[in-house]
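Working notes for the structure below.
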Amino acid sequence: MLRLTCAALCAVALTTHVLAADSGTTRVVLDAARPGAKIDRNIFGQFAEHLGRGIYEGVWVGPDSTIPNTRGIRNDVVSALKAIKVPNVRWPGGCFADEYHWRNGIGPRDKRPATLNPNWGGVIEPNTFGTHEFMDFVQQIGADAYLSINVGSGTPAEAADWLEYLTTPQPTTLAKERAANGHPAPYPVALLGIGNESWGCGGSMTPDEYVNHLRVYARYARNYNTAQPMRRIAVGPDGDDTGYTEAVMKAWKEKTWAWDIEGISLHSYTVVKWPPSFKATGFGESEYATILKSTLNMEKLVSTHSAVMDRYDPEKKIALVVDEWGAWLAPTPGSPQGFLEQQNSQRDALVAALNLNIFARHGDRVRAANIAQMVNVLQAMIFTQKEKMVLTPTYHVFHMYVPFQDATLVPVELAAGTYKTGDIELPRVDAIAARDAAGKLWVSLTNLDAQQAATLELAVSGAKFTRAQGQVLAAPKIDSVNTFEAPGAVVPKPISASGKSLSVKLPPASVAVLALE
Ligand code: AHR
């Protein structure tokens, strides 16, 4: 299978390098003379919902906890997230956001009401972690705030008040209340989601019903903090249904001066069957390949919705924001119902790399994305258990990909070959490359083949590089995981390529990131 990997815009000009794979060796040619779009660092965003142990235990332990914390927020989690340079965190949901009333989460913590979380296990929501705690958390990890406002069960006035409370520098009554609650300065809100899945848990609205809400909320949920521009993200499609994409983009095209948006969201999980039944561990090669095949469908989804958007917005002013993505697998046996806890294996590492590669190749349109979810939920970066913390294989991919944040895509050409198992055929390898702000070239290589190592030869057209070095994430088995007892089972190891042909050998089912020298 010949698979050409490059930004959409270079597809027409690929004839300069026709590559032939020989006896198991794949040539990977970086066309450094033809830079593509910027890989917006916001595609490495996280999603943290009030769901299971995602916030409580995962982020918030309270100032009186014996677990080391800063103002109630776990220090170990903060330092792990700082290391992956999280660009933004989406909060408070998800489905939770459309039932969240922000006033419940401000003021003295011991006076906050106990409410319910009907979406996720029907547990009590103590509202201990509210607006100020979230803003403190994102500031501690150095990320931007991506707030999702309540369109489903809230009102435009409630959303407008929240934004005024957060962002106004003027001494309004709401700003004085913010100051009395400990924060005189206005907060920066970089991204604002106008509802969540309004076609589903966010109100079961038709596209036209949603657009009627969108116009109103996009007008009144104002940002008053001029030091921080805020991008408004409309609810967009569920998977491949283009109904919302068409309706929102048409409304935007025909909009008046009175409202605007800067993005539209796409939600798509790697789930295969509903309800999620693919095991997170203890699976075989067939389930491994099925999940990878399913995750590669992201390419088609992004292309489909981008094509609709191109008809209304050829200048690509509106970003496609994939603000929920990742593997949604069968819950960990014995975990509480509705907590969406699942293990995270080497297969998840490949799911992460393949999706990030797709987003990077579509960097002209995909300018933000949020993996679901950050801690203890779905395809998490981190698991916590009381005072213990463990980093998942997915975390390590995000760590290895840090050099791609805000780098400029460099087209890659390769004959990807075919990895076949049973009746599933997948590309054998995948790759992206980019040039960082300092001018250094980086390449990410993924070997999808669960059985065979892949030998790759790296080349840069028109330039001579003699060394490449970096890290490879491989594992003893495709379902290897990190546990609290064995946190180092799947961790990156050094890898390098040298010699005339810059040859590098990737173990089966592995991801590598290398810098070229
Ligand atoms: O991430 C879990 C849930 O999945 C979110 O709350 C919702 O938006 C989506 O359906």
Side-chain angles (χ1 to χ4, degrees), residues 45-56 58-59 88-100 115-123 125 129 134 146-154 191-205 210 213 233-241 244 263-278 280 294-295 298 301 320-332 335-342 344 348 351-352 355 368-383 392 394:
Q46 298 288 329
F47 174 33
E49 180 166 14
H50 287 236
L51 193 176
R53 299 185 306 114
I55 296 289
Y56 300 109
V59 172
N88 72 79
V89 182
R90 180 170 179 255
W91 176 85
C95 298
F96 181 84
D98 278 302
E99 299 191 47
Y100 183 62
T115 53
L116 286 171
N117 191 340
N119 287 292
W120 307 120
V123 296
E125 166 56 56
F129 190 87
F134 172 69
Y146 178 178
L147 297 179
S148 205
I149 52 175
N150 180 345
V151 171
S153 67
L191 292 149
L192 189 79
I194 302 181
N196 170 75
E197 297 191 356
S198 302
W199 31 262
C201 67
S204 298
M205 299 177 203
Y210 173 69
H213 284 78
I233 315 300
V235 170
D238 171 23
D240 58 7
D241 185 340
Y244 261 65
I264 177 170
S265 97
L266 161 65
H267 286 187
S268 176
Y269 285 93
T270 300
V271 67
V272 186
K273 265 200 268 176
W274 199 261
S277 55
F278 268 61
S294 165
T295 221
M298 183 63 84
L301 289 181
L320 183 60
V321 177
V322 191
D323 53 14
E324 286 189 32
W325 68 273
W328 191 327
L329 306 168
T332 302
S335 60
Q337 194 268 328
F339 276 28
L340 310 188
E341 293 188 8
Q342 64 188 43
N344 195 294
D348 293 274
V351 165
N355 280 281
N370 300 76
I371 188 168
Q373 298 194 6
M374 192 173 67
V375 189
N376 292 334
V377 176
L378 297 175
Q379 191 177 343
M381 305 296 112
I382 294 169
F383 296 140
T392 66
T394 299

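Whatever order the structure lists ligands and atoms in, that order sets their numbers, starting from 1.
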Starting from atom 1 (O) of ligand 1, locate the nearest protein heavy atom and write down its residue, its atom name and how far away it is, to 0.1 Å.
Tyr269 OH, 2.7 Å
Verify the ring-centre separation between Tyr269 and Trp274: is it less than 6.0 angstrom?
no
Show the atoms of ligand 1 that are less than 4.0 angstrom away from any heavy atom in Gln373.
1 (O), 2 (C)
For the residue pair Pro118 and Glu99, establish whether any side-chain heavy-atom pair is separated by less than 4.5 Å.
yes
So, Gln379 side chain and Ala327 main chain: donor-acceptor pair closer than 3.5 Å or not?
yes
Glu324 neighbourhood, listing ligand 1 atoms whose heavy-atom distance to it stays under 4.0 Å
1 (O), 3 (C), 4 (O), 5 (C), 7 (C), 8 (O), 9 (C)
For Glu49, the atoms of ligand 1 under 4.0 Å from one of its heavy atoms are 1 (O), 2 (C), 5 (C), 6 (O)
Mark yes or no for whether Thr295, through its side chain, and Thr270, through its backbone, hold a donor-acceptor pair below 3.5 Å.
no
Have a look at ligand 1 and work out which part of Val377, if any, has a heavy atom under 4.0 Å from it: side chain, backbone, both or neither.
neither
Ligand-side contact atoms (ligand 1) for residue partner Glu197, heavy atom cut-off under 4.0 Å:
7 (C), 8 (O), 9 (C), 10 (O)
How are the rings of Phe134 and Trp91 set relative to one another: parallel (under 30°), tilted (30 to 60°) or perpendicular (over 60°)?
parallel
Are side-chain N/O atoms of Ser148 and Asn196 paired as donor and acceptor at under 3.5 Å?
no
Report yes or no: does Phe96 have a heavy atom closer than 4.0 Å to ligand 1?
no
Can you name the one residue among Ile233, Leu147, Asp323 that meets side chain to side chain contact (heavy atoms under 4.5 Å, CB included) with Arg90?
Asp323
Show me which atoms of ligand 1 lie under 4.0 Å from any heavy atom of Cys95.
5 (C), 6 (O), 7 (C), 8 (O)
Indicate, as side chain, backbone, both or neither, the part of Trp328 found under 4.0 angstrom from ligand 1 when only non-hydrogen atoms are considered.
side chain
In ligand 1, the atoms that come under 4.0 Å of a heavy atom of Phe47 are 1 (O)
Give me the nearest non-hydrogen protein atom to atom 3 (C) of ligand 1 as residue plus atom name, then the distance to 0.1 Å.
Trp120 CZ2, 3.6 Å
Mark yes or no for whether Gln342, through its side chain, and Leu329, through its backbone, hold a donor-acceptor pair below 3.5 Å.
yes
Hey, is Asn196 touching ligand 1 through its side chain, its backbone, both or neither, going by heavy atoms under 4.0 Å?
side chain
